[in-house]
Amino acid sequence: MKKLLLISLSLFAVSNAFAHPGHESISASQGLLAGVLHPLMGLDHLLALIAVGVVAGLAGKRTSWSLPVCYAVIMLIGFVIAAMGVTVFSMPVVETLILSSVVLGAALILVGRRGNAYAKSGLLLGFALFHGIAHGIEVPAHVSANFFASGFVMASLAIMLLASIVVRYAPTLRRNGESQPNA
């Protein structure tokens, strides 16, 4: 059932990947809000960020915060690359890679605690650059790119860290019924 739900959500994201409605007309003074709303309103971004947080939470104490922070930094690098006008990939290619990261995230969640945490982190971090490029390309007109970047980084970090915390402290996900979060 869980596998079916994850696959269904991943496929549902395909229909929404090219649509991030609701923040195109926000004025320049609301750039921060536009940035905060962007990862929340794009289902593909939201699912990918939740997947990063869940994988980080399952991986253990140090990874539960370091993976989300590294992911945000790499996203910011991708944002800067796109904001500078460097076009390495077209938007359809970037969106396809983002959808691939959603599917990869779902697969890594299904793997759970099995496997190498560094390998799983590395796979996810490889896609962070493309999320950042998408954010850099999708900055709404008349909005400060700096405020937009600040908003999407804060929202992205909050989503990933919240997912990580929920996984680490959710009683149903604890190993062997232990009473403390995994180390």
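Sequence positions, counted from 1, serve as the residue numbers for this chain. Every heavy atom of this structure was used, including side-chain atoms; hydrogens, water molecules and symmetry mates were not.
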Could you walk me through whether I81 and L129 pass the side-chain contact (heavy atoms from CB on, under 4.5 Å) check? CA-CA 9 Å; I81 289 170; L129 185 70; 4.1 Å; yes
Derivation of the side-chain contact (heavy atoms from CB on, under 4.5 Å) call for I133 and L97: CA-CA 11 Å; I133 289 171; L97 289 167; over 6 Å; no
Start with the C-alpha distance between Q30 and V143, add both sets of side-chain angles, then the distance that settles side-chain contact (heavy atoms from CB on, under 4.5 Å), and finish with yes or no. CA-CA 7 Å; Q30 295 175 322; V143 168; over 6 Å; no
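Following chains of ILVMFWY side-chain contacts shorter than 4.5 Å, one cannot reach F127 starting from V111, and the two form parts of different hydrophobic clusters. Under the 4.5 Å side-chain heavy-atom criterion for ILVMFWY residues, a single connected hydrophobic cluster contains both V73 and I98. Criterion: ILVMFWY side-chain heavy atoms under 4.5 Å apart, direct or through other members. Under it, V54 and Y118 are not part of a common hydrophobic cluster.
Separation of atoms NE2 (H45) and CD1 (I50) is listed at 13.0 Å; rounding is to 0.5 Å. Distance check: I159 CD1 to L47 CG gives 10.0 Å after rounding to the nearest 0.5 Å. Rounding to the nearest 0.5 angstrom, the gap separating the CG atom in L58 from the CG atom in L67 is 11.0 Å. Separating the OG atom in S150 from the CG atom in L76 is a distance of 8.0 Å, to the nearest 0.5 Å. The CG atom of L125 sits 11.5 Å away from atom OG of S101, with the distance rounded to the nearest 0.5 Å. Annotation: the span from I165 atom CD1 to L161 atom CG amounts to 6.0 Å, rounded to 0.5 Å.
Ring geometry, Y71 versus H131: the interplanar angle falls from 30° to 60°, so the pair is classed tilted.
Of all non-hydrogen atoms in L46 and L40, the two that sit nearest each other are CD2-O, 4.1 Å. Pairing each heavy atom of A56 with each of P68, the nearest pair is CB-CD, 3.9 Å. Annotation for R168 and S64: closest pair CD-CB, 3.2 Å, computed over non-hydrogen atoms.
F130 has its side chain out of reach of V93: every pair of non-hydrogen atoms, C-beta onward, lies at least 4.5 Å apart. Taking the side chain as every heavy atom from C-beta outward, M154 and L32 approach each other to under 4.5 Å. M75 has its side chain within reach of F152: a pair of non-hydrogen atoms, C-beta onward, lies under 4.5 Å apart. In this structure the side chain of L157 never reaches within 4.5 angstrom of the side chain of L49, judged on heavy atoms. Taking the side chain as every heavy atom from C-beta outward, R114 and K120 never approach each other to under 4.5 Å. In this structure, L43 and V102 have side chains that are not in contact, with every pair of non-hydrogen atoms separated by 4.5 Å or more. Annotation: side chain of F148 is in contact with side chain of P140 (closest heavy-atom distance under 4.5 Å).
Of the possible donor and acceptor atoms, none in the side chain of S156 sits under 3.5 Å from a partner among the backbone N and O of A72. With S164 contributing its side chain and M160 its backbone, the two residues share no donor-acceptor pair below 3.5 Å.
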